[in-house]
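In this chain, residues are counted from 1 in sequence order.
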Amino acid sequence: MCGIYGVVGRWSKPDIGLAAIGRRGPDGCDRWMDRDAGCYLGHGRLAILDPTPAGRQPMVSPDGRVVMVFNGEIYNFPTLRAELEGKGEAFRSDCDSEVLLRLFAREGTACFQRLNGIFAVAFWERDSRTLTLCRDEMGVKPLYVAADGQRIAFASEMKALIRAGDVRAQVNPKVAARHIGLLWAPGSETIAEGIIKLLPGQVMRFRDGTLMEDSLYADAAHPHPAPLTGGVDEAIAGVRREVTAAVERQLISDVPLGAFLSGGLDSSSIVAIAAARLREQGQRLQCFSMELVGADIAAEGFADDLPYAKRVADALDVDLHIVKADPSMMDRLAEMVYLLDEPTPDPSALNTELIAGLARQNGIKVLLSGAGGDDIFTGYRRHYALQQERWWGWMPAPARQLLAATANGLPQSNAYTRRIAKAFRYAGESTDSRLAHYFLWLDPANVRRLFTPELRAAMDDDMLLAPLKQSLARIDDVTDPLARMLYLECRHFLVDHNLNFADKMGMAAGVEIRVPLIDRDLVRYAMTLPTSIKQKGATGKWVFKKAMEGLLPDEVIYRPKTGFGAPLRKWLHGPMAPLIDDCLSADRLRARGIFDPIAVADLRANDRAGRIDAAYPILGLACIELWCRQFVDGNYVLDADLPEMKAA
């Protein structure tokens, strides 16, 4: 697990770009350059497999034709290596990187179909002057690209492209709107004009500076449910088999490995399987959780995780390390924005970094995460709400519009009425439009209203959700609404939000975060299962829960659903108020020229009065200002001075 940065064409400050992602490579950095071809490839290493110098990158093929920088893990590399050895390849290292390089040198882009792993990778073919970029099909590892005719630059994090001078940072208003309305930015566009992110499974190839290929090599999340020919019991056994295989596959490591443990079904299942396998090898699994001190999470509608985490740790005989956090962690909001590259208004990102930091202090360089279970098996409240549409979705449009109007009039001051209002707020929309609207925190009209008149005039209400609707168009062969929603979860909410902050905040602490529940083979199997055995009434992840019976106590399997966040609504009007006031003052907003000060003041007033629930969108506005202060103005709260790096 590492960080990569590269540029083909006119260079600016490439060593600064590599230095900007130094946290991703605490075990050393190297670079490869061909000045005649205008190619610079940089790599910062977090050594997980074969930590010897033999595993260092950039890595060059034996014939010198292909140069590679790679971030990630290829879990099936032992099988691929054995196959290549049978064809005469002799390896110089024991790492997956070399296997990937040799495979690409032989097969080209066709090799991506064969990989089970998490990765972002770049290959430079010296003979044809071709640059190939690829991101894994579940989008676990990020890859950003900026191409302007003079150069093609890419990096694991946007900050490298900005700080190297490959792009002059300017806010993309359309994406800013998505960070307010959705809290994350779906699709390829980013908050920075001129920088895109590769989509899951996307391959881009450039020759002599010209884009010659832009395609998807695979889409594991595409639903294709099949009849349960073997019955429900066989499906339950299949889920248990695939989850077990995924966890065991992802235990491969030459350095100490641990796990997140919230006490929920997803993380507890991973810990149960991993602990058992490590115990067979004479090892004891180290687990990590968090305690929010002085936090009234019940007011946010969540149950407390920690008591469950302790019960699971006792039941599975694993060590549990607990990091404590309190409202003061929000003092690091500007740091969070810098580390994330994007103005994502979610305190869960800080939670992730705190836990990863504790793990690193305990000598752990790899953490297994339970992310993804809700996205392939169901589990979010919107999945239950969608199932309930069978009681009213058949109604004519005028009746559904009346439901929506009634919902919009409900008070937003408590968790129960907030959820009722959200369930019916877009009842008058078409089916696909409702699917996309379930992800909104603030309706498009109110989001547009926040911008200055000039920017507002260039926006339309559909702009916010366009990437989600484009994704739905790719699966027109699937009619089940819940299956279509799960596709949006996997392609967007999981990738653009959860996996983005897990990668960035884990790597900020020098820790690789793996996600067994979205292992390629497991996802492909899960997408064949009918949604009727995923969401059964109010029970989400039904088939997964049945599969874990006997491995975990029932009180853990069937515990209340919770989240991994903080009591933001309370903190926003308490300890965070001075920061929010500073970021969103009328003078500050007028000087920035993006948002209308009067509209922002109205939004905050309506939130305080409980007429709307806008805590997260308000935090999003503040995060955009903090992003601008750093990436536009250059007033960085971290890494203010980046030295020119020298190859180690």
Side-chain angles (χ1 to χ4, degrees), residues 2-22 24 31 33 37-44 58 69-71 120-124 129-135 139 141-176 178-179 185-200 202-215 337-343 467 495-496 500 503-504 627-628 630-634 636 639 642:
C2 311
I4 63 176
Y5 168 80
V7 59
V8 176
R10 182 177 296 177
W11 298 349
S12 183
K13 299 178 181 178
D15 286 347
I16 293 293
L18 185 55
I21 54 174
R24 303 183 71 95
R31 60 190 173 180
M33 293 179 284
C39 180
Y40 175 107
L41 300 177
H43 185 268
V69 284
F70 159 67
N71 166 35
V121 63
F123 299 95
W124 173 248
R129 298 170 67 95
T130 300
L131 175 69
T132 300
L133 306 174
C134 184
R135 187 181 186 189
K141 306 312 298 176
L143 188 57
Y144 297 91
V145 181
D148 62 3
Q150 295 184 323
R151 66 179 67 84
I152 303 153
F154 62 87
S156 297
E157 298 181 7
M158 276 201 298
K159 63 177 64 67
L161 303 176
I162 295 171
R163 304 206 66 177
D166 300 315
V167 170
R168 182 177 179 273
Q170 298 181 63
V171 171
N172 182 332
K174 184 194 309 182
V175 177
R178 291 170 184 160
H179 276 288
S188 60
E189 291 183 279
T190 72
I191 188 68
E193 289 275 14
I195 299 178
I196 64 167
K197 51 189 172 183
L198 259 66
L199 299 173
Q202 187 174 4
V203 179
M204 296 183 78
R205 303 191 79 203
F206 299 85
R207 181 171 295 163
D208 288 327
T210 300
L211 180 65
M212 56 178 288
E213 180 183 341
D214 184 355
S215 61
V337 170
Y338 178 77
L339 294 171
L340 288 178
D341 284 334
E342 304 191 44
V495 173
D496 297 317
N500 182 60
D503 171 83
K504 305 280 181 57
W627 189 90
C628 289
Q630 298 183 77
F631 293 105
V632 176
D633 302 342
Y636 296 105
D639 305 333
L642 288 172

(Q) Among residues at least two apart in sequence or on other chains, which ones pass side-chain contact (heavy atoms from CB on, under 4.5 Å) with Met212? (A) Thr130, Arg205, Arg207
(Q) Are the side chains of Glu189 and Pro467 in contact, using a 4.5 Å heavy-atom criterion? (A) no
Q) Got a sec, which residues hit ring-ring contact (aromatic ring centres under 6.0 Å, His included) with Tyr636, two or more places apart in sequence or on another chain? A) Tyr338, Phe631
Q: Identify the heavy atoms of Val167 and Gly194 that sit nearest to each other, and give their distance.
A: CG2-O, 4.2 Å
Q. At what distance, to the nearest 0.5 angstrom, does CZ of Arg178 lie from CD1 of Ile191?
A. 10.5 Å
Q. Would you say Leu642 and Lys13 make side-chain contact, with heavy atoms under 4.5 Å?
A. no
Q. From Lys197 NZ over to Glu342 CD, what is the distance, rounded to the nearest 0.5 angstrom?
A. 5.0 Å
Q.
Would you compute the distance between atom OG of Ser12 and atom CD of Gln150 and round it to the nearest 0.5 angstrom?
A. 10.5 Å
Q. Under 3.5 Å, is there a donor-acceptor pair between the side chain of Arg163 and the main chain of Asp639?
A. yes
Q) What's the shortest heavy-atom distance between Ile4 and Ala120, and which atoms? A) CD1-O, 3.7 Å
Q: For the residue pair Asp341 and Ile162, establish whether any side-chain heavy-atom pair is separated by less than 4.5 Å.
A: no
Q | Test item: Val632 and Gln170 side chains (from C-beta on) under 4.5 Å apart, heavy atoms | A | no
**Q.** Thr190 (side chain) donor-acceptor with Ile195 (main chain) under 3.5 angstrom
**A.** yes
Q | Residue pair Arg10 / Arg151, side-chain heavy-atom distance below 4.5 Å | A | yes
Q | Exercise: identify the closest heavy-atom pair between Leu199 and Gly187 | A | CD2-C, 3.7 Å
Q) If you measure only the distance, is there a donor-acceptor pair under 3.5 Å linking the side chains of Tyr144 and Asp166? A) no
Q.
Tell me the closest heavy-atom pair linking Val8 and Leu131, and the distance in Å.
A. CG2-CD2, 4.1 Å
Q: To the nearest 0.5 Å, tell me how far Tyr40 OH sits from Asp15 CG.
A: 4.0 Å
Q: Write down the atom of Ser156, the atom of Arg24, and the distance for their closest heavy-atom approach.
A: CB-NE, 3.6 Å
(Q) What verdict does the side-chain contact (heavy atoms from CB on, under 4.5 Å) test give for Met204 and Ile196, after you've listed the backbone C-alpha separation in whole Å, the side-chain angles of each residue and the deciding distance to 0.1 Å? (A) CA-CA 12 Å; Met204 296 183 78; Ile196 64 167; 4.3 Å; yes
Q. Under a 4.5 Å cut-off applied to non-hydrogen side-chain atoms, are Phe70 and Cys2 in contact?
A. no
Q | Minimal non-hydrogen separation, Pro343 against Val337, with atom names | A | CA-CG1, 4.5 Å
**Q.** Side-chain heavy atoms of Leu340 within contact of Trp627, under 4.5 Å
**A.** no
**Q.** Close side-chain approach of Tyr5 to Leu161, heavy-atom, < 4.5 Å
**A.** yes
Q) Can you list the residues that meet the side-chain contact (heavy atoms from CB on, under 4.5 Å) rule with Ser215, with sequence neighbours excluded? A) Val203, Glu213
